[in-house]
Number of protein chains: 2
Amino acid sequence: MKFRRSERLIDMTNYLLERPRELIPLTFFADRYSSAKSSISEDLGIIKEIFENRGVGTLQTVPGAAGGVRYLVKIGDEQAKAYIQKLCELIARPDRLLPGGYLYLADILGDPSIVQTAGKIIASSYASAKIDVVMTIATKGIPLAYAVAAHLNVPVVIVRRDNKVTEGPQVSINYVSGSAKRIQTMVLSKRSLAEGSKVLIVDDFMKAGGTVTGMVSLLEEFNATVAGIAVLVESEEIEERLVDEYISLVKLADVDVKEKQIKVLEGNYFSKK
Amino acid sequence: MKFRRSERLIDMTNYLLERPRELIPLTFFADRYSSAKSSISEDLGIIKEIFENRGVGTLQTVPGAAGGVRYLVKIGDEQAKAYIQKLCELIARPDRLLPGGYLYLADILGDPSIVQTAGKIIASSYASAKIDVVMTIATKGIPLAYAVAAHLNVPVVIVRRDNKVTEGPQVSINYVSGSAKRIQTMVLSKRSLAEGSKVLIVDDFMKAGGTVTGMVSLLEEFNATVAGIAVLVESEEIEERLVDEYISLVKLADVDVKEKQIKVLEGNYFSKK
């Protein structure tokens with residue numbers, strides 16, 4: 001059965017979007033649609049143009065016998081800016097304030113479309129980087145970690161604060177939480193992370209950075225390396241931050257419990273790009 | 001700027017896939033591409049055909065002034081069967097066995113492509129149902145819950161086993177875990193679930209069903225109703241199960257710790273369809 005160009009384009013778009021960073025040989029598409037490789041190349045050219053114009057991503061062509069095409073997520077700057085702006089407004093709503101200056105964020109972190117876009121923005125920064133796995137800590141960072149990982153096509157490992165019988169042998173470390181200065185424990189199943197892995201650490205919120213620093217120490221126990229650190233929200237601290245190299249989408253500049261005001265700014269995402 | 005059909009098809013495919021169940025007026029697409037509504041209708045016809053042939057989903061057209069088109073996820077039976085078969089083989093690997101007969105599943109639950117497909121299969125069952133929100137319990141069910149929710153375009157609420165200061169006022173209940181017969185607590189933030197919500201409960205694993213029954217009781221406290229229950233893996237129990245109406249993708253038939261054998265069967269997904 002032969003496919004028309006219009007049919008090929010729809011199916012290829014879906015196929016590529018479902019497999020970010022995966023190298024797909026042109027012969028695969030040629031066989032799938034009983035079409036000449038030259039037609040497939042033309043199709044890919046059209047898809048690439050639309051993806052780039054619409055801020056979806058790009059297609060990378062690798063020449064040669066072992067070559068092919070891969071889709072890399074790459075959100076447009078305008079879209080990212082508009083999204084981050086919207087996120088700032090959402091977070092600044094005074095009814096989020098809880099006693100003690102805590103912020104209620106469960107509705108934001110519970111909205112798959114918000115989390116998906118945040119994941120897409122973060123993944124755009126690392127689309128060409130060597131990343132083997134995304135790491136996060138239970139519980140709130142999990143959805144964002146999966147959104148990032150889906151766009152990078154890598155697995156997620158979840159660090160826990162408690163010991164779980166269903167995880168097998170584990171490695172645990174103690175760390176000092178930066179803001180509360182309390183000693184805490186974090187645990188990772190031994191078989192969940194291969195030695196030498198390049199790890200992107202993702203979390204929802206970073207204060208002084210104690211939890212992230214803990215995850216970095218944990219990685220050392222696995223002989224794994226940090227390929228990047230990304231958080232949705234960072235809170236501005238007067239004291240020294242424990243982590244230097246990270247990207248954030250949003251920065252909590254000031255929380256005034258008495259006046260019920262929350263000041264939210266764009267994070268360092270654009271300046272770190 | 002006028003768009004060619006090929007360009008429209010690529011962009012529409014991406015646009016629709018990103019917004020499951022959202023009703024999009026044809027005039028939106030007509031404006032976006034400076035094209036006649038009749039051309040848009042033809043485009044949608046082509047997309048619908050390919051989506052249905054490839055087991056991606058379908059397009060539903062709503063006529064009239066307030067009408068439009070919406071994409072519903074609907075995986076093909078063949079693809080679902082092949083996926084569930086692969087999942088059974090993955091789970092049956094003897095090196096998953098941990099002391100006490102527990103199974104290590106973190107690698108499966110940590111693979112976004114596996115979780116995405118599982119979410120797609122479950123969402124296919126509920127694509128036309130009235131669902132306002134997906135509910136799960138921390139921690140392991142979270143990724144699957146988000147995958148389902150993303151395909152249904154609804155938010156996720158996460159029940160916790162502990163009290164969290166960053167969640168505001170909460171409702172808690174006690175429940176008896178079905179297999180261990182222990183009394184446990186589960187907690188949900190008051191503002192995370194609106195009264196009268198229709199809730200799809202999603203979890204990774206169901207034994208006797210005590211946790212799911214607990215979530216059902218919790219819903220009553222919110223005057224919310226159960227719209228469905230879906231789990232990735234159910235374990236076969238000799239005793240009576242506490243939950244009747246649910247779908248499962250995979251069924252753990254027998255775990256023999258001594259012989260290091262795990263027997264895994266297809267769940268009730270196809271018989272419940």
In the structure I gave you, are the side-chain heavy atoms of A:Asp11 and B:Phe51 within less than 4.5 Å of one another anywhere?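 Side chain of A:Asp11 against side chain of B:Phe51, heavy atoms only: no contact under 4.5 Å found.
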[atom1]-[atom2] distance between [X] and [Y], expressed to the nearest 0.5 angstrom:
X	Y	atom1	atom2	result
B:Arg4	A:Ser6	CZ	OG	13.0 Å
A:Asn53	B:Phe3	CG	CZ	7.5 Å
B:Glu167	A:Tyr102	CD	OH	12.0 Å

What heavy-atom pair brings [X] and [Y] nearest, and what distance separates the two atoms?
X	Y	value
A:Tyr146	B:Gly110	OH-CA, 3.2 Å
B:Pro112	A:Pro155	CD-CA, 3.7 Å
A:Ser189	B:Tyr104	OG-CE1, 3.4 Å

Does A:Lys120 come within less than 4.0 Å of B:Glu18, counting only side-chain N to carboxylate O? yes
Looking only at heavy atoms and a cut-off of under 4.5 Å, which of B:Leu9, B:Asp111, B:Asn153 has the most pairs with chain A?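 Winner by heavy-atom pair count: B:Leu9.
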For A:Glu42, enumerate each residue passing the side-chain contact (heavy atoms from CB on, under 4.5 Å) test, keeping only those at least two apart in sequence or located in another chain.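 Once residues adjacent in sequence are excluded, the partners of A:Glu42 under the side-chain contact (heavy atoms from CB on, under 4.5 Å) criterion are A:Arg5.
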Checking heavy atoms, do the side chain of [X], its backbone, both or neither come under 4.5 Å from chain A?
X	result
B:Ile46	both
B:Ile114	neither
B:Asn14	both
B:Val157	neither

Who wins among A:Arg160, A:Gln116, A:Arg191 for the most heavy-atom pairs under 4.5 Å with chain B? A:Arg191
Option in A:Ile47, A:Leu105, A:Asp107 with maximal non-hydrogen atom pairs under 4.5 Å from chain B: A:Ile47
A:Ile142, part contacting chain B, at a heavy-atom distance under 4.5 Å: side chain
Identify the residue among B:Ile10, B:Leu17, B:Ile50 that makes a side-chain contact (heavy atoms from CB on, under 4.5 Å) with A:Thr13.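 Going through B:Ile10, B:Leu17, B:Ile50 one by one, the side-chain contact (heavy atoms from CB on, under 4.5 Å) with A:Thr13 is satisfied by B:Ile10 alone.
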Which residues in residues 131-141 of chain B have any heavy atom lying under 4.5 Å from a heavy atom of chain A?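 Answer by number: B:Ala138, B:Thr139, B:Lys140.
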